[in-house]
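Counting starts at 1 for both ligands and their atoms, following the listed order.
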Amino acid sequence: MDQNINKRIGILGGGQLGKMLCQAGSKLGLSIAIMERDKTFPAYPICSNWTDGDITKYEDVIAFGKDKDVITIEIENVNLSALEALEEMGKEVYPPTDALKIIKDKGLQKTFYEGLNFPTSDFTLFKSKDEIIKAIENKKLSIPFVQKSRTEGYDGKGVHVVRSEDDLKGLLDTQSVVEDLVDIKTELSVIVARRPNGEMSYFPPVEMEFHPTANLVEFLFSPSMLEHYIQEKAINLAMLVAQKLEIVGLLAVEMFVTKNDEILVNEVAPRPHNSGHHTIEACDISQYEMHLRAILDLPLINATLIRPAVMVNLLGEEGHSGTTLYSGLTEALQTAGVYPHLYGKKETKPYRKMGHVTIVNADIDKAKNIGHHIKNTLKVIAQT
Ligand code: ADP
């Protein structure tokens, strides 16, 4: 077991999640190689080894993986056939390709939950926009609903909410899942970890706080304010999903808590997740170290939140494209308990994830106030 630390790890994808995995790996003296398109990506300066390559190309993934012991991902958009071939060669591929296949396709994901009687919103699968229109005409489908592209969607791209007939104009013309519009009280995420031997652990739930009018996620916070029994239910459900998917590594389980306090699984991600960034400063183990421990078959522990935390994403400002400038950074650094993570992306674009800030404070309300202030003052703009 102690030798596991010497395994050669390869990560497909060199974005911020890859970067933070390398940071955690460096602490344990791990050798972590990254493959990504070019050296402008965040993980380049910090990984042990770098390969220029396309994670969606079969040959590139095989060439990268064949001299590694363990291959993992930081984004789902990878070449699945290549990962299957690497698995057949005896490589340890985590998440396992069977789980990744289900997760990459929101249609298969929903069908998987339904098959196991996991609570999730009711849904129907459609092949095209025309099929959806016909279903409405035939009174088989009624407004409101949410349409989601089965593949390639992320960060709300590929999700279209239909609240009125007028919204039908924006229907996506692709294979999609159409699900009931849920009356959401709050959105919750629980990150769990699982080792090859089935041992599991979890992080305390994280809640998303929405802007009161703009319907945008303002920030994430932990501990959750939900009643204890709801949190327990969410943790148990998340663990069960990871177990049934036979995940190895992390699984972030996004859930809706309805106005009736029902918990519904929305979707999962088999890797470190936005809702676990705060674990670096706020927990006794970070999600990044937990993922590495899980894929190296090393002991897992249930994470404890040491201090309340709020996490604010730093997105590229609207109307700004060009060389990155973090405006308001000096001011942000003057407050204790404020931890900016700047991803090092040279070019900013509207809404691009450019960094995040974790705010820790013994008083969660104070942390939220600081979070609001940071959101209003720390901006990612283009240099003029
Ligand atoms: P993505 O993979 O792009 O993050 P999600 O499935 O998480 O897509 O959807 C993005 C957001 O859209 C969710 O966080 C939630 O706010 C809203 N949403 C998604 N599905 C539903 C639903 N069935 N009912 C109500 N809101 C939803």
Side-chain angles (χ1 to χ4, degrees), residues 13 15-17 73-78 95 100 102-114 118-126 132 141-164 167 170-172 174-191 205-221 224 226 234 237-238 241 250-277 311-313 315 351-353 356:
Q16 58 270 15
L17 299 175
I73 60 168
E74 61 114 50
I75 185 167
E76 289 88 329
N77 185 26
V78 291
L100 190 56
I102 296 171
I103 294 167
K104 275 183 77 154
D105 178 339
K106 286 189 179 181
L108 291 182
Q109 235 192 91
K110 291 288 279 187
T111 308
F112 175 80
Y113 303 140
E114 189 184 47
F118 287 151
T120 193
S121 58
D122 286 341
F123 70 98
T124 314
L125 303 180
F126 287 96
I132 297 177
L141 175 68
S142 55
I143 296 170
F145 60 80
V146 180
Q147 185 202 16
K148 295 181 183 178
S149 164
R150 285 183 65 160
T151 54
E152 319 273 306
Y154 65 97
D155 289 347
K157 296 181 188 83
V159 175
H160 180 62
V161 182
V162 176
R163 289 201 168 81
S164 66
D167 293 331
L171 277 178
L172 313 161
T174 176
Q175 294 204 29
S176 63
V177 180
V178 167
E179 48 182 76
D180 288 355
L181 181 72
V182 178
D183 206 1
I184 300 172
K185 177 159 101 177
T186 186
E187 295 193 34
L188 202 64
S189 164
V190 175
I191 297 177
V206 172
E207 258 186 75
M208 271 140 252
E209 187 151 305
F210 283 78
H211 187 278
T213 51
N215 200 27
L216 284 174
V217 177
E218 282 268 78
F219 46 67
L220 290 88
F221 66 91
S224 157
L226 290 167
L237 181 55
V241 175
L250 292 184
L251 188 75
V253 184
E254 293 183 40
M255 289 166 269
F256 300 140
V257 180
T258 69
K259 297 264 162 71
N260 307 322
D261 285 340
E262 215 187 331
I263 297 175
L264 303 176
V265 179
N266 175 31
E267 61 165 359
V268 298
R271 53 168 170 78
H273 192 250
N274 198 49
S275 63
H277 287 339
M311 196 282 293
V312 180
N313 281 314
L315 304 181
Y351 304 110
R352 188 174 189 201
K353 280 186 180 158
H356 73 263

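Applying the 4.0 Å criterion to heavy atoms of Val159 picks out, from ligand 1, the atoms 3 (O), 8 (O), 9 (O). Of all atoms in ligand 1, listed by their number and element, those nearer than 4.0 Å to a heavy atom of Glu187 are 13 (C), 14 (O), 15 (C), 16 (O). Below 4.0 Å from some heavy atom of Ile184 lie the following atoms of ligand 1, by number and element: 25 (C), 26 (N). Residue Glu254 has at least one heavy-atom neighbour below 4.0 Å for each of these atoms of ligand 1: 7 (O). Remark: ligand 1 atoms within the under-4.0 Å shell around heavy atoms of Glu179 are 20 (N), 21 (C), 22 (C), 23 (N). Near Lys106, the atoms of ligand 1 lying under 4.0 angstrom from a non-hydrogen atom of the residue are 1 (P), 2 (O), 6 (O), 8 (O). Contact atoms of ligand 1 toward Asn266: 5 (P), 6 (O), 7 (O) (distance under 4.0 Å to a heavy atom of the residue).
Contact annotation for Val161 and ligand 1: no heavy atom of the residue comes within less than 4.0 Å of the ligand. Proximity of Leu181 to ligand 1, defined as any heavy-atom pair under 4.0 Å, is shared by backbone and side chain alike. By the criterion of a heavy-atom distance under 4.0 Å, both the backbone and the side chain of Val182 are placed next to ligand 1.
The shortest N/O to N/O separation between Phe256 and ligand 1 does not fall below 3.5 Å.
By heavy-atom distance, the residue among Lys148, Gln147, Glu267 lying nearest atom 19 (C) of ligand 1 is Lys148.
By the 4.5 Å heavy-atom criterion applied to side chains, Ile73 and Pro95 are counted as neighbours. Put simply, the side chain of Lys353 does not reach to within 4.5 Å of the side chain of Leu17, judged on heavy atoms. Side-chain contact between Thr111 and Phe123 is present, with heavy atoms from C-beta onward closer than 4.5 Å.
Within a 6.0 Å radius of CZ in Phe118, other residues, nucleotides and ligands contribute more than 12 heavy atoms.
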List the steps, then state whether side-chain contact (heavy atoms from CB on, under 4.5 Å) holds for Val162 with Ile132. CA-CA 12 Å; Val162 176; Ile132 297 177; over 6 Å; no

Begin from the C-alpha positions of Thr186 and Met208 and carry the test side-chain contact (heavy atoms from CB on, under 4.5 Å) through to its verdict. CA-CA 7 Å; Thr186 186; Met208 271 140 252; 5.6 Å; no

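In this model, a donor atom of one side chain and an acceptor atom of the other lie less than 3.5 Å apart for Ser121 and Lys110.
With hydrogens and angles disregarded, a donor-acceptor distance shorter than 3.5 Å links the side chain of Lys104 to the backbone of Val78.
We find the CG-CE distance between Leu220 and Met311 to be 4.5 Å, quoted to the nearest 0.5 Å.
Within the 4.0 Å heavy-atom cutoff, Met208 does not count among the residues contacting ligand 1.
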